[in-house]
Amino acid sequence: MSLSSLTLDSNPRFAAGGPYHRRYPPLRHPRSFVSCSAKRPAVSASLSVAADSAATESLGRIGSLSQVSGVLGCQWGDEGKGKLVDILAQHFDIVARCQGGANAGHTIYNSEGKKFALHLVPSGILNEDTTCVIGNGVVVHLPGLFKEIDGLESNGVSCKGRILVSDRAHLLFDFHQEVDGLRESELAKSFIGTTKRGIGPAYSSKVIRNGIRVGDLRHMDTLPQKLDLLLSDAAARFQGFKYTPDMLREEVEAYKRYADRLEPYITDTVHFMNDSISQKKKILVEGGQATMLDIDFGTYPFVTSSSPSAGGICTGLGIAPRVVGDLIGVVKAYTTRVGSGPFPTENLGPDGDLLRLAGQEFGTTTGRPRRCGWLDIVALKFSCQINGFASLNLTKLDVLSDLNEIQLGVAYKRSDGTPVESFPGDLRLLEELQVEYEVLPGWKSDISSVRNYSDLPKAAQQYVERIEELVGVPIHYIGIGPGRDALIYK
């Protein structure tokens, strides 16, 4: 496929005078696909051949992605989705979040190596030609969103005209976070282990139909009554929640200020997304959390409150299933989990500690240490089945470099030895089942500077290819470090 054939057709911008025109910042002109390393400092002569080869691989891989593609997590979150989104965003016009809230923490690095921790703003924001959409399926905490925007702007990242917030997205208030903490305390020993960012209570308000949406901020005359209903409901439900008239007054005043600041961002994103699709814009969907935390398919009730699997793309953005193309699943070379809930391949011994320290497994949002264990092939196959991934991004392969041997959890068995064919929904069975492992040799060498797959140690290649063989999905991207360039295209 030639480079010219990968160049998007030019399209006129939105016609002036339409009802939505003033809310759409102009999209950047469609651009040709270029190497991910185009804006980085020059590499040394000894690495130039490897860099050129990696650039060619990246061009082919990324250029072949469909018009609407997505990046979703395969495990219990924290797989490193943000980095891949950041890299791919250089070749897409739009990056969109479809679900979740500020409980999703994506750590990315710019071309100078500066670290950014994002929670609500899509990870495409570091690429100046990318428009970022916060879709209707997201719950939005405005103080947190403005804090992120201020942090980005202060570091030279322009957000003006580049972030669109759906008028249908629900608002997450500070009191939702307070309720989240009260709910966890109430559950005592069976607590879920949420981030206490108010995600569950905000989605609860949405589902019981007394939530407040972004578009409601345009009607300040009715906001006090709607807020009063929400706060009264929380006070009636939780004895520890103290609701006073002053609280309502202060919240209304605060949201009057927020409404003025948010107004330039508010957009009918359903119309915007579908208009962009008809104009052949390239769209990348960024999932928050991951499939094993899905409200329907995860380890319920130890899950999030949205659908971070493929189904959430359509409901969270208002686009049709037929337009969604290639989905990339992001999976760590091992497994981690934050909070409570079953974790079949968890390693509570020294190898688990080594993974935690080597992988710096502490939450982007909360700083909590993550539970660590071997890669769970059964859970990964289940995730691939639900989402229909075209390819996988295996991240943090370098973290395994100090191990003498590496284990893969390849099968589940009941205590009587009966095979368990798929990832079960029965939590009691999950807690009691036994995992069958395969043992593979480690490579005991630093791979962080490798940029071509053929240059990986044979044992590392064997590990990657065994995963592909067991799961039946090709691994096209391999992460070997946190930086933008620390990626192998296979």
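If you read the sequence from its start, that first residue is 1, and numbering goes on from there.
Taking the six-membered ring for Trp and thresholds of 30 and 60 degrees, Trp443 and Tyr463 have ring planes inclined between 30 and 60 degrees apart.
Partners of Ser448 under the side chain to side chain donor-acceptor pair (under 3.5 Å) rule, at least two apart in sequence or in another chain, are Asp446. For the side chain to side chain donor-acceptor pair (under 3.5 Å) test, no residue two or more places apart in sequence or in another chain qualifies with Arg414. Applying the side chain to side chain contact (heavy atoms under 4.5 Å, CB included) rule to Lys114 yields the partners Asn110, Phe116, Asn155; only residues at least two apart in sequence or on another chain are considered.
By the 4.0 Å N-to-carboxylate-O rule, Lys332 lies too far from Asp78 to be salt-bridged with it. Looking at Asp150 and Lys147, no side-chain N of the basic residue comes within less than 4.0 Å of a carboxylate O on the acidic one, giving no salt bridge.
With 3.5 Å as the limit, one finds no donor-acceptor pair spanning the side chains of Asp93 and Ser276. Remark: the Asp294 side chain and the Ser309 side chain contain an N/O donor-acceptor pair separated by less than 3.5 Å.
For residues 329-348, the ring-ring contact (aromatic ring centres under 6.0 Å, His included) pairs, not counting sequence neighbours, are Trp76-Phe343. Residue pairs that meet the salt bridge (charged side-chain N to carboxylate O under 4.0 Å, His left out) test with at least one member in residues 424-434, sequence neighbours left out, do not exist here. Screening residues 379-409 for ring-ring contact (aromatic ring centres under 6.0 Å, His included), with sequence neighbours left out, gives Phe382-Phe423.
Under the salt bridge (Lys or Arg N to Asp or Glu O under 4.0 Å) rule, Glu361 has a single partner from Arg370, Arg368, Arg337, which is Arg370.
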Exercise. Go through Ile295 and Tyr203 one step at a time and tell me if the side chain to side chain contact (heavy atoms under 4.5 Å, CB included) criterion holds.
Key: CA-CA 11 Å; Ile295 188 70; Tyr203 277 112; over 6 Å; no
Exercise. Start with the C-alpha distance between Asp86 and Lys83, add both sets of side-chain angles, then the distance that settles salt bridge (charged side-chain N to carboxylate O under 4.0 Å, His left out), and finish with yes or no.
Key: CA-CA 5 Å; Asp86 173 46; Lys83 173 182 167 179; over 6 Å; no
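Side-chain atoms of Lys282 never come within 3.5 Å of backbone atoms of Ala89 as a donor-acceptor pair (strictly under, hydrogens ignored). A donor-acceptor pair is defined here as one N or O able to donate and one able to accept, closer than 3.5 Å; no such pair exists between the side chain of Asn136 and the backbone of Val270. Looking only at distances, a side-chain donor or acceptor of Arg162 sits under 3.5 Å from a matching main-chain atom of Thr130. Between the side chain of Asn452 and the main chain of Ser454, no donor-acceptor pair closer than 3.5 Å is present. Here the side chain of Thr335 pairs no donor or acceptor atom with the backbone of Cys372 at under 3.5 angstrom.
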